[in-house]
Amino acid sequence: MTKQSVDRAVFDNVMVPNYNPQQMVPVRGRGSRIWDQDDNEYIDFAGGIAVTALGHSHPALVNTLKEQAENLWHLSNVFTNEPALRLAQKLTAATFADKVFFCNSGGEANEAAFKLARKYSYDNFGPQKHEIISFEQSFHGRSLFTVSVGGQKKYREGFEPVPAGITHLPFNDIEALKAAISERTCAVVMEPIQGEGGIINADPAFVKAARELCDEHNALLVFDEIQTGVGRTGSLYTYQQLGVTPDILTTAKALGGGFPIGAMLTTDKCAGSLNFGTHGSTYGGNPLACAVAEVVIDHINQPELLEGVNAKRKLFVDGLDAINAKYGIFQDTRGLGLLIGVELIEKWQGKAALFMAAAREQGLMMLVAGPKVLRMAPSLIIPDEDIALGLEKLDAAISKVLASEA
Ligand SMILES: *Cc1c(COP(=O)(O)O)cnc(C)c1O
């Protein structure tokens, strides 16, 4: 069968308009380069939104996927399978966790985490201990429970009534957390770096205080590491460099390197509350996804790779500083490792998307995090020469935007 030819215009005809993709259609990727239908080349600083952590079509992932595809695709959770068992062993060996629940996305991992937090508190302390504390600007997914825990009102508006018992506090505000946490709190939920909210780092003192307050009030500390995990910040998970251990951690995005998978990690103490029949997912623990994720973890959880993340961050930060010395349009550089956010100066706030579009015209894919922050989340093994070339393209894009808006 020959495939029908399609282009970007088809999107508007047959897709629900919840996205507004860029005008070109990418067809091929290798490492940190992408080509579109017209064979234009792009440098990829976006990494599929912190997903393709080993770049595009990494040979080890391609081989694993092909090999698994020849053997076993799917069973359901009526049976377990070797890739899922191996991946769970690796994740528990590499982290605080004793137990793993597999699913297919970040939102689903958070859904499981929030349900577990409620169920654990219900089992051990009773139904009144159900309140979840979360933070303003946070992002935890698009299901009804996860948009409710998320701290961005625009994602809830029009979908009410939403689940009750959720409070949003200012991020990094120890006093506000002290005042709000109580015996009714079942969980405090945070991203170690707020991603969608604008690349806002959690203050280490705040994280430590949250851990202590959770302990005092028998509440669980939940880390959403969906964007910050799997080597992104220079350690396998970011909690490992904050000196604080959560009770539940969610991971997805880079875990499959581009193949859909999510996981919730937790301790023996909590895991028992998701006893037989309490939660589930048809595809969770799918052999194709777990086989790929196992190889992702093998490649990323290596000292040389993780050190490389910090070395590459330096190339980005130095390059961004040089660009800023020329144009003076950034006022802050945030994030850790290869999760990089630069905040635009007041004059350009609200216009981040303009720079993203200009970059694309120069052959550079990047991201924004809200209206005033440019975001980069490239492959953790992006070649240094691709970083240099991408930064040249960013420089050209910024110069064009400034010229056109002058
Ligand atoms: C992307 C993201 C999610 C949602 O993940 P999906 O796979 O899109 O459901 C949740 N939390 C954080 C911090 C994220 O960055």
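In each ligand, atom 1 is the first atom listed, and ligand 1 is the first ligand listed.
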Does the separation of the ring centres of [X] and [Y] fall below 6.0 angstrom?
X	Y	value
Tyr239	Phe223	no
Tyr19	Phe11	no
His279	Phe101	yes

- Query: When the ring planes of His74 and Tyr283 are compared, do they come out parallel, tilted or perpendicular, using 30° and 60° as the limits?
  - Reply: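 Plane angle over 60°, so perpendicular.
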- Residues in the immediate environment of ligand 1 (any heavy atom closer than 4.0 angstrom):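 Lining ligand 1: Ser105, Gly106, Gly107, Asn110, Phe139, His140, Gly141, Glu191, Asp224, Ile226, Gln227, Lys253.
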- Query: Counting distance only, does the side-chain N/O of Asp173 pair as donor-acceptor with the main-chain N or O of Leu169 below 3.5 Å?
  - Reply: no
- Query: Taking NZ, NE, NH1 and NH2 as the nitrogens, is one of them in Asp386 or Arg33 under 4.0 Å from a carboxylate oxygen of the other?
  - Reply: yes
